[in-house]
Asker: 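What follows is a single structure, and I will ask about it in a moment.
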Amino acid sequence: MSEMKKNQNDQNQKSESDVQIPLADLIKIRREKVLKLRELNINPYPYRYEPTHHIDKVLKDFDALAEKEEVIRLTGRIMLKRKMGKSFFAHIRDMSQAVQIYLKLDVVGRETFDLFNMLDLGDIIGCEGTLFVTKTGERTLRVKSLELLSKSLHPLPDKHAGLTDVETRYRRRYADLIINPEVREVFIKRSRIIKIIREFLNSRGFLEVETPILQPLYGGGMARPFTTHHEKLDMDMYLRIADELYLKRLIVGGYDKVWEYCKDFRNEGLDRLHNPEFSMIELYWANADYRDIARMFEDLLRHTVFTLYGTYKIPYGDHEIDFEPPFRWMTMIGSIEQQTGVDFTDLSYEQALEKAKALGLDTENLINRGKVIEAVWEAKVEKKLIQPTFVADFPVEISPLAKKHREDDRLTERFELFIAAQEMGNAFSELNDPMDQLERFLQQGKAIEDGDKEAQPLDDDFITALSYGMPPTGGLGFGIDRLIMLLTNQHTIRDVIFYPQMKDYREGTVPVSKILMQLLEEEQKKTE
RNA sequence: GGGGGUGUAGCUCAGUGGUAGAGCACCUGCCUUUUAAGCAGGCUGUCGAAGGUUCGAUCCCUUCCACCCUCACCA
């Protein structure tokens, strides 16, 4: 130990001009423990351990297990450690829960006691013993034997204050997960929600399929794509922005119910609600229209919420959202009239523009009638839709893949579902008339020329597919990350994505690998 | 992209125009049922980066970087 101090002093002297990193000292102390353990013939990184229980199971069945004096083997990370002379209390946490363990010198013996004395917060151990309750009533494992399973070199965040710096939480998600158990709960729920939806769709006869992420032409949504290049083919390619066009080709091919869990990519700004890569589910159902889709979507959400929580009402921020069907259904134009008193049904582009201006909107980029109506709707209606509400019958100009409304060809059979003022899904009676689809693409082409960076390019092969004949089809897409936010009461998308997109590391930070590199060099010099 | 804010020890945070502090963590003692254990002692900093003003900058100014909030657009 005195040698350790000398080393530190040496380092302080020789590196007076160097950068001092206190973290390096902390890591060095832990690294020296690794070397010391090896000297004692203890492998700090052994190969396996067989626990008998997860901690939550032990706590659940505690009385019975304690009564029977059953020998329990647990693994976990040391989160707290208190020395009491010739005994220790500590908390270890595994994937499920945390529990207190107790070590007594005269129970575990000198070797194990000294080993545990060397261990740090963050080390992963396996321990075996029986259960008891302490004087103060805490359920505890009395350790008889103990094994180090992995030595931790990096100190843990503060045991009480935790890790709150959002940047560090996202960049080092592992540290976030170690120290903030509620974070791991959110992601467990995320996994369960996806499983529930998958089972729901499979049980309804939908076939789960996979389509290309790497595409020669993007489409199926309004967004700017990421571009990339295939070297051997010498071909520019796009990362998909939506799965729609490939899934509909499968409907043409004869499948009548398909769906895909899609990772999509959009080259746009990122904020509370947007990550450049995100997840959607898209499904297509032959011989159905958008009303059928609405009923099924309602059912899917009802089922998911109820399976998860056993109730239809869940909190989101200040609101309580009620998922009990039927959800409210209103048309886009009708909802505008309800909020503003203006009926856009029979207004021309120029008349609509006038009304929009009168309502106080910036009308600069509103290049057609549909865009005007959409803008008014977004400004005056969207934020008010807290309880689940279908908004239906969008203008044809902003819905190039949706079938024209059976009663009004200025509109399409399309709905979006809104919950908590956020779009939770988008569905159409899919456009299956190849000639109409071609015309829509041509209109989109015009919009691109007019500077609309999100308009869709003409997809010749998709037109070819439709020309073979696609049955009447209802389609739906919904953002999984947004849904997870809603169902877990999270308010930023970064809290439901393990690794949200971040800019490159900041300057001035010293990576841990650099500290380890220095230690490695020191150790190699010593052995020479 | 526009506007506002933040960046100080491994973590959570104070603070000052004269090169910096607390709690936790860490190290050394004591303590065989503790509870954010306690007690005694100790170690720890490119004060986000670069430049400028100044005798002197962590603090004032400029630029840059990262993060957060917000507005505009996409899910």
Side-chain angles (χ1 to χ4, degrees), chain A residues 1-2 4-5 8-9 12 17-30 32 79-91 100 102-108 113 120-122 132-138 140 142 153-171 175 179 221-225 241-242 262 264-282 362 364-365 375 378 416 422-426 452-454 477-483 485 492-494 502-510 512 515:
Chain A
M1 282 302 158
S2 63
M4 200 196 269
K5 227 173 199 168
Q8 275 174 302
N9 290 342
N12 289 348
S17 58
D18 273 49
V19 180
Q20 287 295 299
I21 309 151
L23 176 61
D25 292 338
L26 296 175
I27 287 177
K28 185 172 181 178
I29 288 165
R30 289 176 173 221
E32 276 164 357
M79 303 306 293
L80 287 169
K81 191 181 163 196
R82 300 182 282 277
K83 191 175 182 182
M84 287 280 302
K86 295 187 173 60
S87 68
F88 282 102
F89 287 93
H91 279 85
Q100 177 166 270
Y102 179 56
L103 274 91
K104 239 160 82 150
L105 174 59
D106 50 22
V107 171
V108 298
F113 191 82
D120 295 294
L121 301 188
F132 77 108
V133 179
T134 64
K135 272 183 191 167
T136 50
E138 179 149 359
T140 303
R142 180 186 281 109
L153 295 183
H154 196 293
L156 245 38
D158 186 275
K159 66 186 179 187
H160 184 239
L163 179 66
T164 60
D165 180 76
V166 290
E167 188 174 352
T168 311
R169 286 187 46 226
Y170 299 143
R171 289 194 191 279
I179 209 75
M222 305 283 205
R224 300 170 71 169
I241 61 167
C262 342
D264 292 339
F265 305 83
R266 297 191 180 177
N267 204 344
E268 286 158 354
L270 47 171
D271 60 28
R272 196 173 74 75
L273 296 171
H274 300 87
N275 196 61
E277 70 182 280
F278 64 102
S279 300
M280 283 214 295
I281 283 177
E282 287 194 30
D362 174 12
E364 193 180 339
N365 291 317
E378 281 174 359
E416 291 189 348
Q422 285 175 32
E423 196 220 298
M424 296 305 304
N426 182 16
D452 186 344
K453 292 195 176 85
E454 279 143 14
F478 55 101
I480 287 299
D481 310 293
R482 296 253 179 106
L483 181 64
M485 285 171 65
T492 154
I493 199 167
R494 293 177 150 191
M502 302 289 279
K503 275 215 190 174
D504 217 355
Y505 282 96
R506 78 170 79 162
E507 294 168 27
T509 54
V510 177
V512 171
I515 294 171

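So that the names make sense, note that chain A is the first sequence line, chain B the second, and so on, each numbered from 1.
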Asker: What interatomic distance, in whole Å, is found between P of C55(B) and the corresponding atom of G23(B)?
Answerer: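 The answer is 38 Å between these two P atoms.
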Asker: Regarding D271(A), tell me which of base, sugar-phosphate or nothing describes its non-hydrogen contacts under 4.0 Å with the strands shown.
Answerer: base
Asker: Do the side chain of R224(A) and the main chain of N267(A) share a donor and acceptor less than 3.5 angstrom apart?
Answerer: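 Flag not set: sc R224(A) to bb N267(A) has no pair under 3.5 Å.
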Asker: Which whole-number value in Å describes the distance from K503(A) NZ to C64(B) C1'?
Answerer: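 Whole-Å distance recorded here is 11 Å.
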Asker: If you measure from the C1' atom in G1(B) to the same atom in A20(B), how many Å do you get, rounded?
Answerer: 39 Å
Asker: For S279(A), check side-chain contact (heavy atoms from CB on, under 4.5 Å) against everything at least two apart and list the hits.
Answerer: R190(A), Y261(A), K263(A), I480(A), D481(A)
Asker: Out of C67(B), C26(B), U12(B), which nucleotide sits closest to the side chain of R494(A)?
Answerer: C67(B)
Asker: Under 3.5 Å for both distances, Watson-Crick or G-U wobble, that's the pair rule; now give the dot-bracket for RNA chain B, with | marking pairs to another strand and [ ] for crossing ones.
Answerer: (((((((..((((....[..)))).(((((.......))))).....(((((..]....))))))))))))....
Asker: Would you name the heavy atoms of L483(A) and F478(A) that are closest together and state the gap between them?
Answerer: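 Answer, listing the atom of L483(A) first, then F478(A): CD2-CE1, 4.1 Å.
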Asker: May I have the distance from D362(A) (atom CG) to C73(B) (atom C1'), rounded to whole angstrom?
Answerer: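 Computing the D362(A):CG to C73(B):C1' distance gives 12 Å.
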Asker: Does Q100(A) have any side-chain contact (heavy atoms from CB on, under 4.5 Å) partners at least two apart in sequence or in another chain, and if so, which?
Answerer: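 Expected list: R82(A), F89(A), H91(A), T134(A), E138(A), T140(A).
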Asker: Can you tell me, in whole Å, how much space there is between the C1' of G21(B) and that of C59(B)?
Answerer: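 These two C1' atoms come out 15 Å apart once rounded.
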Asker: Evaluate the side-chain proximity of D120(A) to K81(A): yes if any heavy-atom separation is below 4.5 Å, no if none is.
Answerer: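 SC-SC contact between K81(A) and D120(A) ruled out.
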Asker: What is the distance, rounded to the nearest whole Å, between atom CD of E167(A) and atom P of U6(B)?
Answerer: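 Computing the E167(A):CD to U6(B):P distance gives 16 Å.
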Asker: Which heavy atom of G479(A) sits nearest to which heavy atom of M280(A), and what is that distance?
Answerer: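 Where G479(A) meets M280(A) most closely, the heavy atoms are CA-CG, 4.1 Å.
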Asker: Take R272(A) and L121(A), find for each the nucleotide of RNA chain B with the closest heavy atom, and name the residue whose nucleotide sits nearer the 5' end.
Answerer: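 First, find each residue's nearest nucleotide; the 5'-ward one identifies L121(A).
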Asker: Summarise protein proximity over nucleotides 30-40 of chain B in one line of letters, 5' to 3': B for base, S for sugar-phosphate only, - for none, counting protein heavy atoms closer than 4.0 Å.
Answerer: -BBBBBBB---
Asker: Within a strict 4.5 Å, meaning less than it, do heavy atoms of the I179(A) and M79(A) side chains meet?
Answerer: yes
Asker: Would you mind reading off the distance between D25(A) atom CG and A25(B) atom C1', rounded to a whole angstrom?
Answerer: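 In whole Å, A25(B) C1' and D25(A) CG are 13 Å from each other.
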Asker: To the closest 0.5 Å, what do you measure between CG (L273(A)) and CD (E423(A))?
Answerer: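 The CG atom of L273(A) sits 11.0 Å away from the CD atom of E423(A).
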Asker: Both T492(A) and G162(A) contact RNA chain B. Which one's nearest nucleotide lies toward the 5' end?
Answerer: G162(A)
Asker: For a quick test of reading the model, state the closest non-hydrogen atom pair linking P157(A) to G162(A) and the distance between them.
Answerer: CB-O, 4.0 Å
Asker: Give G425(A) one of three labels, base, sugar-phosphate or nothing, depending on what nucleic acid heavy atoms sit under 4.0 Å from its own.
Answerer: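 Nothing, no heavy atom under 4.0 Å.
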Asker: Which whole number of Å gives the distance between the C1' atom of C30(B) and that of G17(B)?
Answerer: 46 Å
Asker: How would you label the contact of L26(A) with the nucleic acid (heavy atoms, under 4.0 Å): base, sugar-phosphate, or nothing?
Answerer: base
Asker: Would you measure the distance from the C1' atom in C67(B) across to the matching atom in U33(B) and give it in whole Å?
Answerer: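 Per the computed distance, 45 Å lies between those C1' atoms.
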Asker: Whole angstroms only, please: what is the CG-C1' distance between L153(A) and C26(B)?
Answerer: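 One finds 14 Å between C1' of C26(B) and CG of L153(A), rounded.
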Asker: Distance check, P atoms only: U8(B) and C43(B), in whole angstrom units.
Answerer: 24 Å
Asker: Within this structure, what is the CZ-to-P distance between R171(A) and C65(B), rounded to whole angstrom?
Answerer: 14 Å
Asker: Give one of base, sugar-phosphate or nothing for M502(A), where a contact means two heavy atoms less than 4.0 Å apart.
Answerer: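 M502(A): backbone/sugar contact only, no base atoms under 4.0 Å.
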Asker: Would you mind reading off the distance between E32(A) atom CD and C26(B) atom C1', rounded to a whole angstrom?
Answerer: 13 Å
Asker: With sequence neighbours left out, write down each residue that passes side-chain contact (heavy atoms from CB on, under 4.5 Å) with P276(A), or none if nothing qualifies.
Answerer: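 Per chain and number, P276(A) pairs via side-chain contact (heavy atoms from CB on, under 4.5 Å) with F226(A), L270(A), Q501(A).
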Asker: Distance check, P atoms only: G4(B) and G41(B), in whole angstrom units.
Answerer: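 After rounding to an integer number of Å, I get 49 Å for this pair.
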Asker: Rounded to whole angstrom units, what separation is found between the CZ atom of R30(A) and the C1' atom of C26(B)?
Answerer: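 Interatomic distance, CZ of R30(A) to C1' of C26(B): 8 Å.
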Asker: Under the side-chain contact (heavy atoms from CB on, under 4.5 Å) rule, collect the residues that match up with R169(A), sequence neighbours excluded.
Answerer: L163(A), V166(A), R173(A), D176(A), N180(A), V183(A), D495(A)
Asker: Using the C1' atom as the reference point in each nucleotide, state the distance between G38(B) and C24(B) in Å, no decimals.
Answerer: 15 Å
